[in-house]
Amino acid sequence: MNASLSWIRSYVPELECSYQEFRDAMTLSGTKVEGYKVFDEDLDKIVIGQVVSMEKHPDADKLQICQVNVGTETIQIVTGAPNVFEGAKVPVVLDGGRVAGGHDGNMTPGGIKIKKGKLRGVESFGMMCSIEELGSTREMYPDAPENGLYILPEDAPVGESATSYLGLCDANYEFEITSNRVDCYSVLGIAREAAATFRKPFVNEEPKIRKTEGDIRDLLEVEVKDTDLCPRYTAMMVKNIRLAPSPRWLRQRLASNGIRPINNVVDITNYVMEEYGQPMHAFDYDTIKGHKIVVKRAQDGEKFVTLDGQERTLDKDILMICDAERPIGIAGIMGGEESKITDDVKTLVFESACFDGTNNRLSARRLGLRTDASGKYEKGLDPNNTVPAIIRACQLIEELDAGDVVGGMIDLYPEPVQEKKIAFDPERINAYLGTDISKEKMLSYFPALEIGYEEESNLLTIPSFRQDLLRGADIAEEIARFYGYDKIPTTLPAMKGASGKLTYKFQVNEVIREQMQAAGYSEAMTYSFESPKVFDKCLLDPEDPHRQAIVISNPLGEDYSIMRTSLLNGLFTSLATNYNRRNKEAALYELSNVYIAKQLPLTELPDERMTLSLGFFGEGDFFNLKGAVEELFDGLGLTGHRRYDNTGELPFFHPGRQAILSYEGTPVAILGEVHPTVVKNYGLAKRTYAAQIDVEGLYEKVSFARKYQGIPKYPAVSRDLSLVMDRSVRAGQIEEIIESCGGKLLEHYELFDIYEGEQVGAGRKSLAYTVRFRASDRTLEDGDVTPIMEKIVKKLGEIDVFLRS
Amino acid sequence: MLEKLVKIRQEAMEQILSASSADSLNDLRVRYLGKKGLLTEVLKGMKDVSAEERPRVGQLVNDARKEIENNLDSMRTEFENRLMQARLQAEEIDVTLPGKKTALGHSHPNNVILRQVEDIFVGMGYEVVSGPEIEYDYYNFEALNIPANHPAKDEQDTFYINNDILLRTQTSSVQIHEMERGVLPIRMIAPGRVFRADEVDATHSPSFHQIEGLVIDKGITFADLKGTLDEFAKRFFGPDTRTKFRPHHFPFTEPSAEVDVSCFKCGGKGCRFCKGEGWIEILGCGMVHPHVLEMAGIDPDVYSGFAFGMGLERLTLLKCEIDDMRLLYENDMRFLKQF
C-alpha cells in the first residue's frame, strides 16, 4: 500500500514530523514502512517564472534569450526549448539550485547543480525546466508537453515555489500491510494509524451530496441471487456524464500514489479505491439490458470477454454481475468488454459491493486474472464501507462537475454485520504484557482507533473495519503497539527446574558429525527432493523398492518432484560438482532424512529415517572408506558383531567392490566403489567411493557407556600365521575362524601382509596374520597357546587354507 | 714416594686439561685411577711407608685421587655440553616452514551456526527437539490458526503431497506436537528443514532451515519474550547488540513482533552490510495465540506462552558473511573448508 504524506496529513491536519520520523514511528506502531521517496529530494531553488520578453540568440539558431520574471527580479535565461513563448509561466531553477535529471528523463542521483554561465557567449542566470528535469514524468503530469518546457497554467503565482505548486514537496511511502489489517489497504486506514501513532486527531468528514435529481430505484433493478458470495451490493447512478481531465489537486494526489490520471470519472473510481480501500466499478447504464443487474454464479464452461478483450472460461464458483440477458462483469475482478465506459457514456452506474474474499481470491487464481480490484476484495472487505465509499464517489462527481447525481441508492444488505464487543480487562492485559500501564492510559489509545468504551458494562465496541480484533489478546496488542513495544520491560521467564538438553537422537547426531569430521569428511547439505530420473541414473532395477518415492503434487519442476529415498544422489551430485570444478579431492558426508512411504499413495505420514551418507574421491580406496565406517561404529559404541558381505546386488556400486554391512545380523549400511556407468552418468571421478548408513536403525544400539578394562600386567604371546589359499577365500572367513577358536586368551589379531604372485602360484594368494594371546592373571606359556594355534590351523584346513611352507 | 705422588698428580692435571675428547678422558681415568693405574700403583707402595707417615700419605693419595676425579668429571661435563651444543645447533629447523595438518573434515556453516544457537538456548534451559518434515496440513496450518482458504496459506507457497499431507512450510508445526504431548511447562527449540515453493536464487531456496522456539508456563509475559530474545541476541551477536521489536502479524501469535538487531558490523551507524539501516531483521515472534492454545488442549486462562522462529540460513549468511545462499547447497570443498 502506498500513500503520500500530504494525503495522509489531509486527514490528520495536526501531524507535524519529518519524513524520517514518520517512517520510524509508523514502523514501530505496526504499519511498517518499506521505503519512501521524497519527490523534491534532488530539487532546489525552483520557482514559478514568467517569460517577459525574448529575442533570438545572435550566434545560435536554436537558442532564445529570455527575460524571465521570477518574482523578486527579472533574470536573463538562454534556452533551447522549442515551446517557449512570451508570457509563458514556467518552472525556473535559479543560479545555485538543483534539478533531478536531464530532459531526456535520466535521473542523476543527488541532482544536477545549475550555475549561471554563458551559452555561446551570452550570459544565462538559471534554467527553465521540463517535467523530466523536475524528476517526474508526463504519465503523472499529462499536461506537460512531450518535448520542451512544462508550461504552467496562467494563474500560477509568479515567484512562488514551483515544487510546492506542483505538489512535489511531498514524499510517498510504501507500507507493508499485514494480512489481518485489511482496513489499512486504504489511505484512510493508514491515516487512522498515523493519528493514533502521533496522538493527533483524525479528521474525516462524512461525504455528502448536495443536489440530486430523480431516483435510481425508478431506473434500475438489482437482484443478488447468491448472497453467500455477495453480502452487500450498493449502487448509485450519475447522468449527463461530462468527461474531462480531473483538476490538478486530484491528478497530483493520484500521481503521488503512482496512479496515472486519465479522466474525471476513471480518476474518481481510482481515487475512492485508494482513499477508502473500496473498489468501485462503473457500468454504462445504456448497455445494461433490461436495466436490471443480477448477481449470480456463472455456469461451468460459460465464456465471457473481459474489458481487456480476452475471452475467459467461467465455472459455477465464479460470481458474475449480469444484466437481464447476459453477464456484464466478473464480480470484483474485471468488467466486461460490452459494458465498459467509453467516451460516449451518458449515464453510469457505480457499483460499490462486498464480495466474499476467499471466493474472489480462488476465482481470480483459477482465471489467472488478478486485478487491482481483486487484490482488495480477496482480503475480505468491510461491508459497512460500501456506502460511504459510493457517496464519496458521487460527491466527487458533483465537486468535479463530471455529471449529475441521481437521487437515492440501491443497497442490498440482507444480513448486516453485528457490532462486536470485547470485555476490557486492564489487569489481565498488564499480566499478559508484563507491564504496569494504567487503565486511563489504555483507554486513551482507543478514540483514534474508533474503538468505543462503555463504562457501565466495561465493554469495548469494535468498529466493523477492525475484523482483526476478536478477543482480549488482540486488545493487548493494540495497547502494546501504541504504548510502544520498546517501553515494555525485558525480563526472563522464571524457568523453575529447567535443565536444557539435546534429545538423545540429536546427541547421537552430534557424535556422528564429530566422528566423520575427525575421519576427514566435511559436512554437506543437499535438497530433500530430487528428480525421478535419479533412479535410472543410479541403475536401479525397475522393481527396486527405492523407486517407491513420495511425489510432490505441485513441485517447482521435475528436478524437485520426489522426496528422496536415499542420500546417494545428493552425495554423487556434490562430489561431481567438486570434480568438475577441478578440486583435487573431496570427502563429504551428509546426515539427513530419507522418506520411506509406508504405502503409496500416502495415507499417513511416512517414515523419516535419519541417514548418513559419506563418500570421497582422491587419495585412498575402498578400505579408507571402510575404515571410516569402522571408526564411526567404534565411536558410537557399536562393538557388536559386524559382517561385510558382497552379494553384488547394489547396482550403483562396482559389483566386485561393494559390501552390505550387517550389524548383529541386521543390514545397516552399504558401501562400495561407484559403478563406472554411474560415474559416467554423474560426471564423477573415475574412482569414487560411497557409503550409506541407516542411522535411524542404530539409535537404539548406540552406547556411550565406557568401562575401564585393566591395563595388562602380564606379557602377551604373539604368533604369526602365514597362510596360502585360493584367491576366492575371503579374509573374513579366516578371521571368523581365528575368533571362534581363539577363546578367552585371544586378545587381538591383525592382517599384516597380502601376497599374490609366483611364489604361491596362479589363482592363489597368501595372507599373513599376527595373533596375540594374553591372560590377565599370569604369564602365558607355549603350552597355553600352541593347542589354540593348532586348532585354528586345523579349522583353516577345512576351508583349504594352509600354512605357507 | 711423595715426590712421585706430586709428579703423578701434576702430570694427570696437565693431561686432563689438554684432553681432546671424552674418549681420551676415559683413557686417562684408566691410566691414573684404574686397577693398574698409576695412583693405584702408588697406593701399593704404602706398605713401605712408616706407620706415622701412613695417614698423612694416605690422605695425600686420596686428595690426589679426588682432585683427578673431579677434574675428569668437570672436563667430561664440558665435553658433553659442547657435544650437546653442537647437536642442537645442527638440528635447527626453519620454523616458518608449513605445519603438517591432520586431514580433519569441516562442519557445514549452517550447523556451525545452529550449534551456537542451540548452546545459547540449552544454557537457558531449553530442550532441543524435532518434528516431522512431511506433515499433516492440520499441524502446519489449521492448528496454527490458519484455517482452510486463509490467505496466509497462499503466501507460503506450500508443496503438497495430497490434500492432507504437505512439506512443512514452518517449524511452527513442532509447537503443536509439543503442546499436544501435554507435558507442561514447555521450553523448547526445534531446528529443522522447511520447504516453500521459491525458485532458487541468491537469497531464496525451496528448502531451508528454521529454528522454532516455544515457552509455555503460567505467567509468561510479552516482557519475558523480549528479555529472552534480547539475551539471545546479545549472546549470539555480541554483548553490545541492541534489539528492536516491531509490531507485526502472525496468525498464531498475538501480539506479534518482528525483531531487528543493531548491525553487528557497524554497531548501528549504518553501513553497506545493513543497507544503511543500522538494523538487521532476524526473526519473528509473539505471544502464543490463545486460540492456538485452546486447540492444543491448553487453557489460555491458566497458561500463556511465547514463540519465535528464525531462519537458520539467514543467520548463517549474516554471521559468516556469505553473499549467495546457493553456496550452502553446492558443497564445494573450497567453500566448506572455510568453516
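Chain A is the first sequence line, chain B the second, and so forth, proteins listed ahead of strands; every chain is numbered from 1.
- Using a 4.0 Å cut-off between charged side-chain N and carboxylate O, R115(B) and E510(A) make a salt bridge.
- In this structure, CG on L114(B) lies 7.5 Å from CZ on F506(A), to the nearest 0.5 angstrom.
- Residue contact with chain A, scored on non-hydrogen atoms closer than 4.5 Å, involves the side chain of L167(B) exclusively.
- When heavy atoms are compared at a cutoff of 4.5 Å, V259(B) does not approach chain A at all.
- Closest heavy-atom contact between P247(B) and S29(A): CG-C, 3.6 Å.
- The two residues N554(A) and T158(B) have their closest heavy-atom pair at ND2-O, 2.8 Å.
- The aromatic ring centroids of Y329(B) and Y527(A) lie less than 6.0 Å from each other.
- Only the side chain of E118(B) comes within contact range of chain A, with heavy atoms under 4.5 Å apart.
- With values rounded to the nearest 0.5 angstrom, L433(A) atom CG is found 11.0 Å from L225(B) atom CG.
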- Could you walk me through whether N111(B) and R513(A) pass side chain to side chain contact (heavy atoms under 4.5 Å, CB included), step by step? CA-CA 10 Å; N111(B) 269 329; R513(A) 291 195 173 97; 3.2 Å; yes

- Query: Checking side chain to side chain contact (heavy atoms under 4.5 Å, CB included) for the pair L556(A)/F195(B): CA distance, chi angles, key distance, verdict?
  - Reply: CA-CA 11 Å; L556(A) 274 187; F195(B) 308 89; over 6 Å; no

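- Judged by distance alone, the side chain of S553(A) and the main-chain N or O of Y160(B) form a donor-acceptor pair under 3.5 Å.
- Heavy-atom distances place no part of T31(A) under 4.5 Å from chain B, backbone and side chain included.
- Heavy-atom minimum distance, L28(A) versus F245(B): CD2-O, 4.1 Å.
- To the nearest 0.5 angstrom, Y485(A) atom OH is 13.5 Å from T243(B) atom OG1.
- E176(A) touches chain B through its side chain: at least one heavy atom from C-beta onward sits under 4.5 Å away, while N, CA, C and O do not.
- For chain B, the option among M516(A), E590(A), E477(A), R481(A) with the highest count of heavy-atom pairs below 4.5 Å is E477(A).
- Between N578(A) and N331(B), the side chains place no donor N or O within less than 3.5 Å of an acceptor N or O (distance only, hydrogens not considered).
- Of the listed residues (L588(A), N583(A), L502(A)), the one with the most heavy-atom contacts under 4.5 Å to chain B is N583(A).
- Residue contact with chain A, scored on non-hydrogen atoms closer than 4.5 Å, involves the backbone of D198(B) exclusively.
- The part of P555(A) that comes within reach of chain B is its backbone (N, CA, C, O), which places non-hydrogen atoms under 4.5 angstrom from that chain.
- Residue L470(A): no heavy atom, backbone or side chain, is found under 4.5 Å from chain B.
- Listed here is the closest heavy atom pair of M333(B) and A586(A): CG-CB, 3.4 Å.
- F159(B) and F529(A) have their aromatic ring centers within a separation under 6.0 angstrom.
- Of all heavy-atom pairs between T228(B) and P493(A), the closest is OG1-CD, 3.3 Å.
- Using modelled atom types, one finds a donor on one side chain and an acceptor on the other under 3.5 Å when comparing S592(A) with R193(B).
- A salt bridge is defined here as a Lys NZ or Arg NE, NH1 or NH2 lying under 4.0 Å from an Asp or Glu carboxylate O, and K32(A) with E281(B) meets this definition.
- Ion pairing between E330(B) and R581(A) holds under the 4.0 Å rule for side-chain N and carboxylate O.
- The contact between Y136(B) and chain A is made by backbone and side chain atoms together, counting heavy-atom distances below 4.5 Å.
- In this structure, chain B has a heavy atom under 4.5 Å from the backbone of A431(A), while its side chain stays farther away.
- No side-chain donor-acceptor contact under 3.5 Å links T490(A) and D230(B).
- Residue contact with chain A, scored on non-hydrogen atoms closer than 4.5 Å, involves the backbone and the side chain of P290(B) alike.
- Contact between S179(A) and H249(B) at its shortest, heavy atoms only, is OG-CD2, 3.5 Å.
- Neither the backbone nor the side chain of D217(B) comes within less than 4.5 Å of any heavy atom in chain A.
- The distance from atom CG of L492(A) to atom NZ of K226(B), rounded to the nearest 0.5 Å, is 12.5 Å.
- Separating the CD atom in E133(B) from the CD atom in E608(A) is a distance of 5.0 Å, to the nearest 0.5 Å.
- The existence of a salt bridge linking D301(B) and R428(A) is confirmed by a sub-4.0 Å separation between a basic side-chain nitrogen and an acidic carboxylate oxygen.
- With a threshold of 4.5 angstrom between heavy atoms, L336(B) approaches chain A through side-chain atoms but not through N, CA, C or O.
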- Should H289(B) and D474(A) be marked as a side chain to side chain contact (heavy atoms under 4.5 Å, CB included) after you check the CA-CA gap, both sets of side-chain angles, and the distance that decides it? CA-CA 9 Å; H289(B) 198 291; D474(A) 302 318; 4.3 Å; yes

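- E135(B) touches chain A through backbone and side chain together, each having a heavy atom under 4.5 Å away.
- If you tally non-hydrogen atom pairs under 4.5 Å between each of K244(B), E199(B), E127(B), E231(B) and chain A, the highest count goes to E127(B).
- Proximity to chain B involves both the backbone and the side chain of Y432(A), based on heavy atoms less than 4.5 angstrom apart.
- Annotation: maximal heavy-atom pairing with chain B below 4.5 Å, among T526(A), T577(A), I479(A), occurs at T526(A).
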- Query: Passes side chain to side chain donor-acceptor pair (under 3.5 Å), S107(B) versus Q517(A)? Steps please.
  - Reply: CA-CA 7 Å; S107(B) 277; Q517(A) 281 157 219; 3.1 Å; yes

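- One finds no salt bridge joining K337(B) and E523(A) here, because no Lys/Arg side-chain nitrogen approaches an Asp/Glu carboxylate oxygen to under 4.0 Å.
- Note that CD1 of I165(B) and OG1 of T603(A) are 7.0 Å apart. Values are rounded to the nearest 0.5 Å.
- Only the side chain of N593(A) comes within contact range of chain B, judged by heavy atoms closer than 4.5 Å.
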